[in-house]
Structures are given as C-alpha cells and as structure tokens.
**Q** 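A single structure is presented below for examination.
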2 protein chains.
Amino acid sequence: MEESEGLVGGSSKVMGLGDRAYEDLKEKLVRGAYPPGHKITVRAVAEELGYGTTPARDALNRLVAERALVFSGPKTVVVPTLSLAELYEVTQMRLRLEGLAAEKGAIGAGAADIAQLEAFQGEIEAALTEGRYADALWSNKGFHFHIYGRAQMPMLLATIETLWLRVGAAFNDLYPEFAISKYGIQNHRAALEGLRHKDPQEVKAAIETDIRDGYRRLRQALSDRSLKK
Amino acid sequence: MEESEGLVGGSSKVMGLGDRAYEDLKEKLVRGAYPPGHKITVRAVAEELGYGTTPARDALNRLVAERALVFSGPKTVVVPTLSLAELYEVTQMRLRLEGLAAEKGAIGAGAADIAQLEAFQGEIEAALTEGRYADALWSNKGFHFHIYGRAQMPMLLATIETLWLRVGAAFNDLYPEFAISKYGIQNHRAALEGLRHKDPQEVKAAIETDIRDGYRRLRQALSDRSLKK
DNA sequence: CTCCGAATTTTGTTGCAACAAAAATGGAAT
DNA sequence: ATTCCATTTTTGTTGCAACAAAATTCGGAG
C-alpha cells in the first residue's frame, strides 16, 4: 500500500499529456518564444502543441499557479512583465532560497562535482565570447542547479525553479546581454574556490553576490526599457 | 493565489468552480478532515463538494503541484506524511522565507498593527488554556500572517502559505499539542517587543526562534509516532 | 497464515460540445 | 482623430462518456 519515490536518478514517471504540454510550454517560455505581454490561449496552445484542449488547459493552469503566466483580464493570460517591485521581491526570495541551496549543496561536494562545474563554466565563457547568449544562459542554469541539486531538497529545488521561470519568461527579450557578464564569471570562480576549500559559506556568499549582480543588471535593463517606451 | 481577503489592492477576482473546489479542499486539509495517508479521488471530491469532475480535477492538480497532496502511485494521490528529511527541508525554507517576510513586514508597523497582533495573541493564549487547540492554531496563523502580509510581497506570501499547508496537512492529527506551547507564547511576545522598538531584526529573530521551537516539537512528535507504529 | 496471480472494480485522463462571458471589431457621433 | 457603444468573434469553463491503466479483491496454492 505504501510506495515512495525512487531515491535518486532518472525520474521515469509516466507523464500524461498534460505534463508534457506543461514542459513544452515552459521550455518555449524560457527560450523566449513569446514576448512579454503576448496572449496565450488554451486553443492556440492545444493546436500548437498538437494536444487536445484539456492537456493544454492543464498546462496553462499550472503555469498560472506558478505565476509564470499571469491574468491580464478575467479570461486572458499573458506572458508577464516584471515590475521593479516584483523583480525586487523575486530577488529577495532567490537570495534566501538559493543561498540555502548553495550552502547545503556545497557540503560534501567532491572532485567530480568540481569537474562538472568547471565544464559548465567553460561552456559559459566560450558561449559568451562567441555571442551565443542563449547557450551561455543554459550553461549558467546548469552551473547553478548542479550545486543546488546536490542539496537533496526537492521542494526547495522546485521553488527555485519557479523563480527562475518567472524571471526568464519576463526578461527573455533582453536577458542575454544583461544576465551574465564578467562579474558572473568571477562569481562562479569564487564559488568554485569555495567548493575546493570545502567552505559552504564561501560558496553561499559567491552565489548571493552572483544573484545581486544579476539583479542590478536586470534592474538597469528594466529602467532603460521603461524610458524607451 | 487569491485568498479570502487582501489588505490592499484586492481586486476581487471572479472565481470559477475549480478555484472554489480548491479553496474548499484546502480548508478541509488544513482542518484535518482527512488523516495522512488518506486517499483522495477526483470523483469522491466531486461528489463531496457537489461539483463536476473537472473542477475537482483542477483542485487536485493544483494541490498536487503545491505538494499539499502527493502521489503514492501512478494514479493515487494521498494526504502526505512528512518524513524527517522533508520536515527539515520545509523548516529550512520557512526559516529563510518567513524570516524575510517578518523582517520586511516589521518595517513601518504601527500601533494599529501591534494592537491587532496583541488581539491575536490574546486569542491564542485563551484558546490554549481552554484546550481549544484548533482555535489556537487559527489565531497563531493570523498572528504570523499579519506580520508577513505587511511586507507587501505577494509571491513570498503565497510560497509561505504552501509551506504551512504542507505541514498542516501532514501533521493535523497530532499538531495541536505540539505546535504551540509556552515557548510559542514567549516568542510572540518577543516579536511584539521588536515591533514596539521598531527593530525588524529583533522581530525576525523572534519568528525564527518560533519556527525552530515548533520544529523541535514536530520532530519529537514524528519520532514518537514512528515508534508507536 | 502468507503469498501470488487473475478477475473485477475503480480511477485519471482525454476529447468534445454547449454555454456564458469576455475581448475584439466596426462604425457612428462628437 | 478619439470615444463610445452595439455587434460579432473568441475564449475559458464545465459536464460527460469512453478508454486505458492502475488498484483492489478474491481465491487457491504452498
């Protein structure tokens, strides 16, 4: 009667169409397929992804619950635009939650983890110098979540992911140039140092600085955009 | 997550049946209508609440997404039982998130807020001495969320609420005796002191201590229960 | 009494059509 | 041009039935 999840490893859960539609839509949002303000409808999603209306509706409901999509009217959901206040709020939450995940994830990290993270870091720097911002973003996510994932805290991880999704969906049209920079590279290097010294606090501090740097950049971008419009 | 009533800017949203079913079920869970492990089915919820299967399904999906309900098999959702590890994880998240909310909420709190909080505190102590644990729990929630609500951070508030829901649903059968005690009373008093001194850090510290005390109590209860079974 | 497997019942999912409500449209008046 | 209002179109929601798959039951063997 009692059965729990597998301990670790590939989550080979039988996903219904609704879950697949959710993943598909989420991917599109993160990749910036729709600009902020774009209207998302059940039937459009259904046809676009080739599913029926029910899975599409499930996916929309879930994304709305996570605030990756928002209502702009009683029957209209759109890709959200983050206000300055909302960006601040998400950042404060990220600082606490990702600080926690970084600290716990740093504990017991070994050579294999460091090697993996250095690989991500290499990809980031390469992608950055070649102007492949989308790839840099992807590897950046890989870097952060490799650390967070080590913490073995699934609820924490899921919550952090929704925060990334919120920021990603709202800023994708101007994220690349602002999300990562030389500061980001330096912060990641500091995190790696902390890992090598087996100093979770150092890792935590580096990640928090990384988040703060990104926040400044995003805030700047948001101000510029609101002036232009 | 539009709740009963917001302090400010509460644009009354037209709730569909799905939202109402969600609220109803959530209420039942928090109030401990179902013991941990109890199986929840779409059709049972539909009939019990008097809605069709679609709203019931929506409510279940949402609760599962929030982890207030969990899968125990591919097609079976049950009221969750928190493991020791999960309780620890939730507590760590609560410390960071509620610490943040307490700190921000304490800023600019005035006499009206303190009066309201003292009212809650009075209800808690009265309910506690009279053995009305459910009422004490309710007022306790009122106390905490009055502070958190002042922070004007809706996403943060919604996230904290899901954490309370998780703990509440899993521990309702033994929560009362353990959730609140003389320590809780003292912690709340310390928070009030901090509010009077206009010292957000003091409020934050008091709330964090309150969470830690509750954690110890819950952990103890969990150990006792696993021994008995 | 326990364990295992087949038969039976229960259950989630999905597509769909009808409906009410909201959004888009178009045009008239200022 | 702009605003306002009525018309038309679009859209989310809901209930329902069919279906596949899982959970439960039950019986028999060891």
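Protein chains get the first letters and strands the later ones, always in sequence-line order, with residue 1 at the start of each.
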**Q** Starting from P on D/dT14, measure out to CE on B/Met15 and report it in whole angstrom.
**A** 11 Å

**Q** Rounded to the nearest Å, what distance is computed from the CG atom of residue A/Leu49 to the P atom of nucleotide C/dG15?
**A** 12 Å

**Q** Would you kindly compare B/Thr54 and B/Thr41 by the position of their nearest DNA chain C nucleotide and give the one closer to the 5′ end?
**A** B/Thr41

**Q** Looking at the base of C/dG12, is there any donor atom on it, or on the side chain of B/Arg43, that sits under 3.5 Å from an acceptor on the other one?
**A** yes

**Q** Rounding to a whole Å, what distance do you find between B/Leu17:CG and C/dA20:C1'?
**A** 13 Å

**Q** Counting only side-chain nitrogens and oxygens, does B/Arg57 get under 4.0 Å of the OP1 or OP2 atom of C/dT13?
**A** yes

**Q** Can you tell me the distance, in whole Å, between the CG atom of B/Leu60 and the P atom of D/dT14?
**A** 14 Å

**Q** Side-chain contact test, heavy atoms from C-beta onward, threshold under 4.5 Å: evaluate it for B/Leu63 versus B/Leu29 and give yes or no.
**A** yes

**Q** From CZ of A/Phe71 over to C1' of C/dA23, roughly how many Å is that when rounded to an integer?
**A** 14 Å

**Q** Considering only C/dT14, C/dT13, C/dA22, which nucleotide approaches the side chain of A/Pro74 most closely?
**A** C/dA22

**Q** Could you check how far NZ of B/Lys75 sits from P of C/dT13, rounded to whole Å?
**A** 8 Å

**Q** Please check if the number of heavy atoms outside A/Glu23 that lie under 6.0 Å from its CD is greater than 12.
**A** yes

**Q** Count the heavy atoms belonging to other residues, nucleotides or ligands that lie under 6.0 Å from CZ of A/Arg150, then report whether that count exceeds 12.
**A** yes

**Q** Cut-off 3.5 Å, side chains only: do A/His188 and A/Gln121 have a donor facing an acceptor?
**A** yes

**Q** Of B/Gly50 and A/Val77, whose closest DNA chain D nucleotide lies nearer the 5' terminus?
**A** A/Val77

**Q** Enter the inter-axis angle for the ends of the helix from C/dC1-D/dG30 to C/dT30-D/dA1 (five pairs per end, rounded to 10°).
**A** 30°

**Q** Counting only side-chain nitrogens and oxygens, does A/Lys39 get under 4.0 Å of the OP1 or OP2 atom of C/dA24?
**A** yes

**Q** With a sphere of 6.0 Å drawn around CZ of B/Arg219, does it hold more than 12 non-hydrogen atoms of other residues, nucleotides or ligands?
**A** no

**Q** Would you mind reading off the distance between B/Ile40 atom CD1 and C/dT10 atom P, rounded to a whole angstrom?
**A** 18 Å

**Q** To the nearest Å, how far apart are B/Glu48 CD and C/dT11 C1'?
**A** 16 Å

**Q** Between B/Glu86 and B/Arg166, does any side-chain N to carboxylate O distance fall below 4.0 Å?
**A** no

**Q** What do the steps show when you test B/Gln220 against B/Arg216 for side chain to side chain donor-acceptor pair (under 3.5 Å), and what is the final call?
**A** CA-CA 6 Å; B/Gln220 183 65 42; B/Arg216 288 198 201 92; over 6 Å; no

**Q** Under 4.0 Å, heavy atoms only, any strand: does A/Thr53 hit a base, just the sugar-phosphate, or nothing?
**A** base

